[in-house]
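Heads up: numbering here begins at 1 and tracks the sequence. None of these values were measured; they are calculated from a predicted model.
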Amino acid sequence: MKIGRQTVIDYCNRRKNEVCSVQASNANNHIHLKRVKDGLSGTGTTTRYWDCCKATCSWEGNTGSTNVIASCAADGTTVIDDNTQSGCVDGGTAYMCNNQQPLVINETLSYGFAAASFDGAVDLSACCACVVFTFQDDDLANKQMVVQITNTGTDALDGNQFDIQIPGGGVGLNTLGCSTQWGTDVSGWGEQYGGVDTKDDCSALPIDLQPGCQWRFDWMLGDSNPRSNSSRSNVPARLLQSVAVR
């Protein structure tokens with residue numbers, strides 16, 4: 001099955017009142033976000049990455065369910081079997097899907113996906129949870145982002161750190177994935193940590209990933225690693241559309 005960019009998918013368990021999908025057609029609507037009672041909240045940092053690897057939450061053993069974050073074939077759109085090995089391992093063929101990149105809902109709200117670490121610990125129970133960032137840097141005042149947690153970031157994240165999936169955000173420790181998925185040299189993806197330096201540099205990425213790369217310089221105003229307050233949240237069901245991936 002192939003998936004397109006214009007519909008954001010809620011990939012994982014549909015927890016009660018915690019569906020994350022937002023239709024792009026609602027871009028001009030004002031959306032009210034509601035915090036999940038007793039959900040995780042606090043202050044933290046946001047960073048960025050795009051390593052093309054299959055996510056931690058794409059494995060049934062990590063989500064405790066047959067509903068997992070989708071992984072895709074090398075074309076970035078064909079959803080493949082959940083048990084396929086990650087392309088960041090020799091011989092693996094499962095990668096991030098192209099539409100797991102940021103999507104603008106309106107001038108003050110974006111949707112996306114992120115790896116997360118809470119107090120420096122791995123928390124697989126956070127797989128597929130929805131989190132709202134309220135950015136604290138002055139140039140991003142009043143901007144929020146709803147993300148779904150797809151990865152644990154076990155290799156590099158500090159406590160209360162969210163690593164937003166942004167094409168051209170840096171491949172980090174996993175230098176194999178993007179090279180094998182797209183047949184490109186890893187140097188074409190910007191600095192290993194931090195990624196591309198300018199919006200123009202996004203043109204070196206595969207065309208389907210360029211919108212998410214450009215998002216960092218347009219909606220995010222080029223702000224690097226902004227501080228944020230975060231809380232578990234849901235989005236009103238009338239604005240949402242869940243799409244089955246299998």
Side-chain angles (χ1 to χ4, degrees), residues 1-5 8-13 20 47-102 112-118 121-129 147-158 161-195 205-206 208-209 212-213 244-246:
M1 175 182 179
K2 294 199 173 186
I3 50 180
R5 174 169 167 74
V8 180
I9 295 174
D10 168 41
Y11 296 95
C12 287
N13 308 349
C20 295
T47 48
R48 60 184 181 272
Y49 84 109
W50 187 274
D51 60 9
C52 301
C53 299
K54 178 177 180 175
T56 305
C57 301
S58 294
W59 297 98
E60 292 180 15
N62 292 332
T63 65
S65 169
T66 57
N67 295 320
V68 296
I69 295 291
S71 55
C72 284
D75 62 4
T77 59
T78 302
V79 178
I80 59 177
D81 186 87
D82 301 337
N83 295 314
T84 306
Q85 182 57 264
S86 171
C88 287
V89 176
D90 286 335
T93 57
Y95 301 95
M96 273 185 198
C97 297
N98 293 348
N99 71 339
Q100 292 170 10
Q101 59 182 300
F113 304 87
S117 178
F118 301 99
V122 176
D123 184 3
L124 291 174
S125 68
C127 273
C128 314
V147 300
Q148 191 165 46
I149 296 174
T150 61
N151 224 330
T152 58
T154 56
D155 51 6
L157 299 190
D158 296 323
Q161 181 178 347
F162 295 91
D163 214 12
I164 304 172
Q165 293 176 205
I166 305 175
V171 299
L173 291 176
N174 296 306
T175 59
L176 184 63
C178 293
S179 295
T180 59
Q181 181 180 7
W182 298 104
T184 59
D185 190 276
V186 70
S187 62
W189 295 78
E191 296 294 328
Q192 183 175 356
Y193 296 95
L205 272 60
D208 289 339
L209 299 181
C213 179
V245 298
R246 291 186 296 281

What pair of heavy atoms forms the shortest contact from [X] to [Y], and how long is it?
X	Y	result
P206	W189	CD-CH2, 3.6 Å
W182	D75	CH2-O, 4.0 Å
T63	C57	CG2-O, 3.3 Å
Q192	T175	NE2-CG2, 3.6 Å
P102	P167	CD-CD, 4.1 Å
S58	I69	OG-O, 2.9 Å

Could you tell me if [Y] and [X] have a donor-acceptor pair between their side chains, going purely by distance under 3.5 Å?
X	Y	value
T56	N151	yes
T93	Q85	no
Y95	S86	no
N98	T77	no

Please check: side-chain N/O of [X] versus main-chain N/O of [Y], any donor-acceptor pairing under 3.5 Å?
X	Y	answer
S179	T184	yes
Q101	D208	yes
T84	A94	no
E60	N83	no
R48	Q165	no
K54	G92	no

Discussion item. For the cysteine pair C52/C178, does the gap between the two SG atoms stay under 2.5 Å?
Written reply: yes
Item to complete: Taking the side chain as every heavy atom from C-beta outward, state whether L209 and W50 have any atom pair closer than 4.5 Å.
Response: yes
